[in-house]
**Q** 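This is the structure I want to talk about, given as structure tokens.
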Amino acid sequence: MAERYNAKDSEPHWQAVWAERDIYRTRNDDPRPKYYVLEMFPYPSGRIHMGHVRNYAMGDVVARYKRARGFNVLHPMGWDAFGLPAENAAMQNKVNPREWTYANIATMRAQLQSMGLSLDWSREIATCDPAYYKHQQRMFLDFLKAGLVARRTAKVNWDPVDHTVLANEQVIDGRGWRSGALVEQRELTQWFLKITDFAQDLTDRLDTLDRWPEKVRLMQKNWIGRSEGLEVRFALESAPTGAASEVKVYTTRPDTLFGAKFLAISIDHPLAKVLAGDEAASGLRAFIEECRRIGTAQEAIDTADKLGFDTGLRVRHPLDPSWTLPVYVANFVLMEYGTGAVFGCPAHDQRDLDFANKYGLGNTPVVCPPDQDPASFVVTDTAYDGDGRMIHSRFLDGMTTDAAFAAVADRLEAETLDGTAVAQRKVQFRLRDWGISRQRYWGCPIPVIHCDACGVVPVPVADLPVTLPEEVSFDVPGNPLERDAAWRTISCPTCGAAARRETDTMDTFVDSSWYYARFTAPWLDDAPTDPKTADHWLAVDQYIGGIEHAILHLLYSRFFMRAMRETGWAGIDEPFAGLFTQGMVVHETYKDASGAWVQPAEIRLASEDGTRKAFHVKTGAALSIGPIEKMSKSKKNVVDPDDIIASYGADTARWFMLSDSPPERDVIWTEEGVQGASRFVQRVWRLANEAAEHQGSDGPTDLGVRKAAHKALSAVGEDIERLRFNRCVAHAYELANAIQEALNATTKPGRPALLEATGILVQIIAPMMPHLAEACWAVLGRDGLVAEAAWPAVEAGLLVEDSVTLPVQVNGRKRADVTVPTDADAAMVEAAVLSLDAVQRALDGKAPRKVIVIPRRIVNVVA
RNA sequence: GCCCGCAUGGCGGAACUGGUAGACGCGGACGACUCAAAAUCGUCAGCCGCAAGGCGUGGGGGUUCGAUUCCCUCUGCGGGCACCA
């Protein structure tokens, strides 16, 4: 009798063997076809959590499987190591952010290594390492030279808790993505990466990313927000001094131009500023102030009423100069989108209708819905924004909305005002440039110098990296770099005069926008990448991570790859060919009688009267079982991977993470489920030992167990390719059941057949439970390591049966089964079916009208 | 408000491009082994019904010889965007 499998001894042993033989090191000059599998690298927060275990277990299955399939697999790991938590820790615990970060990295690296992941640790990178970020600074300078960087004053999102600026993508529901603080709008001079230069390409190429989840592509598409419209010039009847003589308006609905009732401009529109500058315009100034007061907090915008201020100015209608419209300054018009001015067509835009109704501007419907009578169609409280036929629109009457769009665009593009076209077709995007300035210490310094004489001067490449000062204090809020006079002060590289360093650091999303490219040659000292090597490995064949990066990291990386191509650091533009977004790890919550959360480690579960009950381990007190939620410290429903690995082993944790739910869905962590996984570990170990000891020549059950093995092998291969790990697990269980059954049978299979089947079982589970597989492989007497073994070939002949049992339906209702040769033709099957008693009984004397035979599936007799 | 997605036993889920719904696991019941327990092995189990049989994939309708799968509609849940002109 074999002893119980002891993961605690076995796992470190095999990890040492792998490390000693260095089998996961990847060579760039390996001639085999490449496969790059990557999981989103972690932020070194302190300890890994179950989400990491799930993510990295999935990636490891793919890496190990592809290796067995003969690919040269790149599977690296690193650390997204800059960021605010290090500064917060510094403030709270008086530790240096660098020391804090590197200590966390050491802890987490050991944790990941205890999982037995097949990672090439020789390529490990940390983004806070000057050896990494100096290349990032180099690329920033290249981008600057290539015109992909802008410095400008803009309204930005200010997080008052973290004391820093946030990009639009980092504001969730009006709050900072990290601090949760209500974001304010501030006008600041900032560095921007010009992601909008690629807006069209970023949206177009989404269609080619056929191995991305549809959901993510759609989210990015909506975020980029491409729209086609017309930019129309409205001439002012009389322009105030100092202002332009016209107002430009961007519209996606030029077809509704005859329904226009007013023009509205943003409070930040140049015309509004000119008007507000007038001595007498105190009313307008007060209005703008009022809007600003309401407008700073995002939350207020959601509930704010439409407010307008009549300027008294009028503009000429572009299609009829004798027709004039009033010009309002309105709080709902955004300066950042389009031209900062809109024309209001109340009948066909709800927002315009609300505004018009409030200020008594009326409405004229110009699009008649298909189911309405043009003579009687009116709009009162609900705008109609659908398609239809044009009415009350002069030369457009009777046209479809699409035709009217084209007709208006054609006419206004042909007409001129002061010598140039009245309008032109334009494409607009919702996407804004990526503001990367952060007023924080623990980030990559932006490598520029501010000189009073020369302006903004790039740091010479030879002077890179611009490193962070070692000694920092966080006694006062704000950016320590700004207070560090010694660090800040520098002479101008151009004129030599006293100058100062840029004290903003880069958004940490910059760090993670190119790490996948750095992994291809992380040892390079004089360049971010070797472009040939980068192009060899990229795109990443399979990228795996959380859905929360659907826009942020994944969009930034797509931009960065393009910027790297423009500056010669790579030749491709899409970094991730295959993307998979995994679900979260969730867990039940528990509360004691006082309503305090209790963590799972302190829980004992029991079944009483058929219902699950929870008790406190120490006090024995009954606890209430609450809803299943994402693991979080606040709800205390967290399970520590270290605890699980210590008590069950890494293989059990990995197996359970892959087993219960489809990988894209949330998985519920349960104690029972882990125990089930643990039982299976022991079961495989027992089967391997029994098989190794099993004697006997060929037996009658040989074919059965071999068929089961090859069927499972074939299915698992297919399912790993499609990342359906839960099905792989099910197939492994089925094969184990079949082997068990063969061993229990009175006439047992022969030794060779049993060893073959068990060997296949071991290889099937190897990508998921590599330590156990290695131990079983040795027990079975196989050569070398299963981690280096080739994936076994499926014997196709074993997948087909000689005969099949088909269900027989009569009028769609199952009445019998029929067993026929697999290659039987329809006529033979039909004859066999009609001779069945059950079928004749069901037909009840009626003649069959039709017999439908779906080969190897089903037979349906229609009477 | 707009745009997506999802809904299957007590639970997690499976079902290839329309072809036996409920694989596999968890939980459950029973049996074997044991002085006993654990572990292990085996048997059973969608629901109603003694049975024959009937009903069953959120509700209603449709297409089809046949629908968890396709179409329409309603309900519920989840996600994304949200003054974007």
Side-chain angles (χ1 to χ4, degrees), chain A residues 1 4 172-174 213-216 218-223 225-227 229 249-253 256 264 295 298 301-306 330-334 336-345 348-352 354-355 385 428-432 547 550-551 605 607 610-612 628 655-656 659-662 665-668 670-677 679-680 682-683 686 715 718 724 726-734 736-737 740-741 743-744 805-814 816-817 848-863:
Chain A
M1 224 0 224
R4 280 178 65 79
I172 316 287
D173 292 335
E214 184 59 41
K215 183 190 167 96
V216 174
L218 191 69
M219 280 167 72
Q220 289 213 357
K221 192 176 175 178
N222 290 340
W223 185 264
R226 183 182 189 279
S227 73
V249 161
Y250 174 74
T251 176
T252 56
R253 294 295 303 273
T256 65
Q298 278 283 336
I301 291 174
D302 300 344
T303 49
D305 256 352
K306 310 267 171 288
N331 65 341
F332 65 88
V333 183
L334 305 173
E336 294 80 22
Y337 186 80
T339 59
V342 299
F343 87 83
C345 176
H348 303 290
D349 182 296
Q350 191 58 46
R351 196 189 35 201
D352 295 346
D354 293 345
F355 189 83
D385 61 5
Q428 276 285 336
F429 296 93
R430 209 192 77 107
L431 183 71
R432 310 285 159 74
I547 186 79
I551 293 170
L605 287 171
S607 175
T611 52
R612 291 174 73 248
I628 294 164
W655 185 255
F656 178 58
S659 67
D660 248 29
S661 295
R665 255 188 253 181
D666 291 351
V667 64
I668 307 168
T670 62
E671 190 60 25
E672 295 92 336
V674 183
Q675 282 166 8
R679 270 199 296 276
F680 186 65
Q682 295 301 336
R683 191 156 176 234
R686 256 193 329 271
E718 230 172 84
R724 299 195 293 199
N726 56 322
R727 291 173 29 130
C728 297
V729 166
H731 294 306
Y733 276 115
E734 274 172 322
N737 289 345
Q740 179 78 59
E741 201 179 321
L743 284 168
N744 290 341
T805 300
L806 304 178
V808 178
Q809 298 180 335
V810 176
N811 292 328
R813 217 164 253 289
K814 192 191 165 191
D817 286 307
R849 266 198 300 137
K850 198 155 108 184
V851 179
I852 293 153
V853 178
I854 309 295
R856 296 158 68 180
R857 285 271 175 224
I858 200 168
V859 181
N860 193 5
V861 180
V862 186

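Convention: sequence-line order gives letters A, B, ...; per-chain numbering from 1.
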**Q** Among the nucleotides B:rA82, B:rC83, B:rC24, which one has an atom lying closest to any side-chain atom of A:Ala730?
**A** B:rC24
**Q** Using a 3.5 Å cut-off on both pairing distances, which stems of three or more Watson-Crick or G-U pairs include RNA chain B?
**A** B:1-7 with B:75-81, B:10-12 with B:24-26, B:28-32 with B:40-44, B:46-48 with B:53-55, B:58-62 with B:70-74
**Q** Kindly indicate whether the side chain of A:Tyr250, heavy atoms from C-beta on, has any atom under 4.5 Å from the side chain of A:Ser227.
**A** yes
**Q** Is there a side-chain contact between A:Asp352 and A:Phe332 (heavy atoms, below 4.5 Å)?
**A** yes
**Q** Pick one for B:rG9: is it syn, with its angle within 90° of 0, or anti?
**A** syn
**Q** Looking at residues at least two apart in the chain, or sitting in another chain, which of them share a side-chain hydrogen bond (donor to acceptor under 3.5 Å, both in side chains) with A:Asn737?
**A** A:Arg683
**Q** Using a heavy-atom cut-off of 4.0 Å across all strands, would you classify A:Gln682 as base, sugar-phosphate, or nothing?
**A** nothing
**Q** What nitrogen or oxygen pairs link the protein and nucleotides 4-14 of chain B at under 3.5 Å?
**A**
| unit_1 | atom_1 | unit_2 | atom_2 | d |
| --- | --- | --- | --- | --- |
| B:rG12 | O2' | A:Asp660 | O | 3.1 |
| B:rG12 | O2' | A:Ser661 | OG | 3.1 |
| B:rA14 | OP1 | A:Asn726 | ND2 | 3.3 |
| B:rA14 | O3' | A:Arg727 | NH1 | 3.2 |

**Q** Taking CZ from A:Phe656 and P from B:rG27, how many angstroms apart are they, rounded to a whole number?
**A** 11 Å
**Q** Just to be sure I understand the rule, does A:Asp817 reach a base, reach only the sugar-phosphate, or reach nothing, if contact means heavy atoms closer than 4.0 Å?
**A** nothing
**Q** Considering only the P atoms, how many Å lie between B:rU57 and B:rG10, rounded to the nearest integer?
**A** 13 Å
**Q** Under a 4.5 Å cut-off applied to non-hydrogen side-chain atoms, are A:Val216 and A:Ile547 in contact?
**A** yes
**Q** Can you tell me, in whole Å, how much space there is between the C1' of B:rG60 and that of B:rU75?
**A** 11 Å
**Q** Determine yes or no for a side-chain-to-main-chain donor-acceptor pair under 3.5 angstrom, with A:Arg430 supplying the side chain and A:Trp223 the backbone.
**A** yes
**Q** Do A:Val862 and A:Ile852 have side chains that approach each other closer than 4.5 Å (heavy atoms only, starting at C-beta)?
**A** yes
**Q** For A:Asp354, what residues pass the side-chain hydrogen bond (donor to acceptor under 3.5 Å, both in side chains) criterion, not counting sequence neighbours?
**A** A:Gln350
**Q** Given B:rG25, B:rG27, B:rG42, identify the nucleotide with an atom nearest to the side chain of A:Asn744.
**A** B:rG42
**Q** For the P atoms, the ones on B:rG1 and on B:rG61, what distance do you get once it is rounded to whole angstrom?
**A** 29 Å
**Q** So, do A:Arg432 and A:Glu336 sit near enough that their side-chain heavy atoms are less than 4.5 Å apart?
**A** yes
**Q** Would you mind classifying the nucleic acid contact of A:Arg849 as base, sugar-phosphate or nothing, using non-hydrogen atoms under 4.0 angstrom?
**A** nothing
**Q** Rounded to the nearest angstrom, tell me the gap between atom CZ in A:Arg686 and atom C1' in B:rC41.
**A** 9 Å
**Q** Is A:Arg432 side chain donor-acceptor paired with the B:rC84 base, going by distance under 3.5 Å alone?
**A** yes
**Q** Would you say B:rG1 has OP1 or OP2 under 4.0 Å from some side-chain N or O of A:Arg351?
**A** no
**Q** What integer number of Å spans the C1' atoms of B:rC55 and B:rU8?
**A** 16 Å
**Q** Suppose you measure atom P in B:rG12 against the same atom in B:rU17; what distance do you get, rounded to whole Å?
**A** 24 Å
**Q** A:Leu334 side chain: which of B:rC65, B:rA23, B:rA85 is closest?
**A** B:rA85
**Q** For the pair made of CD in A:Gln740 and P in B:rU43, what is the distance, rounded to whole Å?
**A** 10 Å
**Q** For atom P, what is the distance between B:rC47 and B:rA23, given to the nearest Å?
**A** 13 Å
**Q** Has A:Asn737 got a side-chain N or O lying under 4.0 Å from the OP1 or OP2 atom of B:rG25?
**A** yes
**Q** Quote, to the nearest angstrom, the P distance that separates B:rC50 from B:rG59.
**A** 26 Å
**Q** Students often get this wrong, so: under 4.0 angstrom with heavy atoms, is A:Val333 touching a base, only sugar-phosphate, or nothing?
**A** base
**Q** Quantified in whole Å, what is the C1' atom distance between nucleotide B:rC70 and nucleotide B:rC2?
**A** 26 Å
**Q** Return whichever of A:Arg679 or A:Trp223 has its heavy-atom-nearest nucleotide of RNA chain B closer to the 5' end.
**A** A:Arg679
**Q** Would you mind reading off the distance between A:Phe429 atom CZ and B:rA85 atom C1', rounded to a whole angstrom?
**A** 16 Å
**Q** Going by heavy atoms in the side chains, are A:Thr670 and A:Phe656 under 4.5 Å from each other?
**A** yes
**Q** Which of the following nucleotides, B:rC83, B:rC81, B:rG19, is nearest to the side chain of A:Ile852?
**A** B:rG19
**Q** Of the nucleotides B:rU40, B:rC83, B:rA82, which has the atom closest to the A:Arg430 side chain?
**A** B:rA82
**Q** So if I take every side-chain heavy atom of A:Asn860 and compare against B:rC24, B:rG19, B:rC81, which nucleotide ends up nearest?
**A** B:rG19
**Q** Starting at atom CD1 of A:Ile551, determine the distance to atom P of B:rG80, rounded to an integer number of angstrom.
**A** 9 Å
**Q** Is there a side-chain contact between A:Tyr337 and the phosphate of B:rA85, meaning an N or O under 4.0 Å from OP1 or OP2?
**A** yes
**Q** From NE2 of A:His731 over to C1' of B:rA23, roughly how many Å is that when rounded to an integer?
**A** 9 Å
**Q** Using whole Å, what does the distance between atom C1' of nucleotide B:rU40 and atom CD of A:Glu741 come to?
**A** 17 Å
**Q** Counting the atoms with a prime plus P, OP1 and OP2 as sugar-phosphate, which does A:Gly676 contact under 4.0 Å by heavy atoms, base, sugar-phosphate, or nothing?
**A** sugar-phosphate
**Q** Do A:Leu806 and A:Ile858 have side chains that approach each other closer than 4.5 Å (heavy atoms only, starting at C-beta)?
**A** no
**Q** Go nucleotide by nucleotide along RNA chain B from the 5' end; which of A:Leu806 and A:Ala677 gets its closest nucleotide reached first?
**A** A:Leu806
**Q** Could you state the atom-to-atom distance from CZ of A:Phe332 to P of B:rC83 in whole Å?
**A** 12 Å
**Q** Could I get the full list of ring pair (Phe, Tyr, Trp, His ring centres under 6.0 Å) partners for A:Tyr337, not counting sequence neighbours?
**A** none
**Q** If I compare all heavy atoms of A:Gln220 with all of A:Ala550, which pair ends up nearest, and what's the gap?
**A** NE2-O, 2.9 Å
**Q** Partners of A:Phe680 by ring pair (Phe, Tyr, Trp, His ring centres under 6.0 Å), sequence neighbours excluded?
**A** A:Trp655, A:Tyr733
**Q** Considering every strand and a 4.0 Å limit on heavy-atom distances, what is the contact class for A:Val342: base, sugar-phosphate, or nothing?
**A** base
**Q** At 4.0 Å (heavy atoms only), tell me whether A:Thr805 reaches a base, stays on the sugar-phosphate, or touches nothing.
**A** base
**Q** Out of B:rG80, B:rU40, B:rA85, which nucleotide sits closest to the side chain of A:Tyr250?
**A** B:rA85
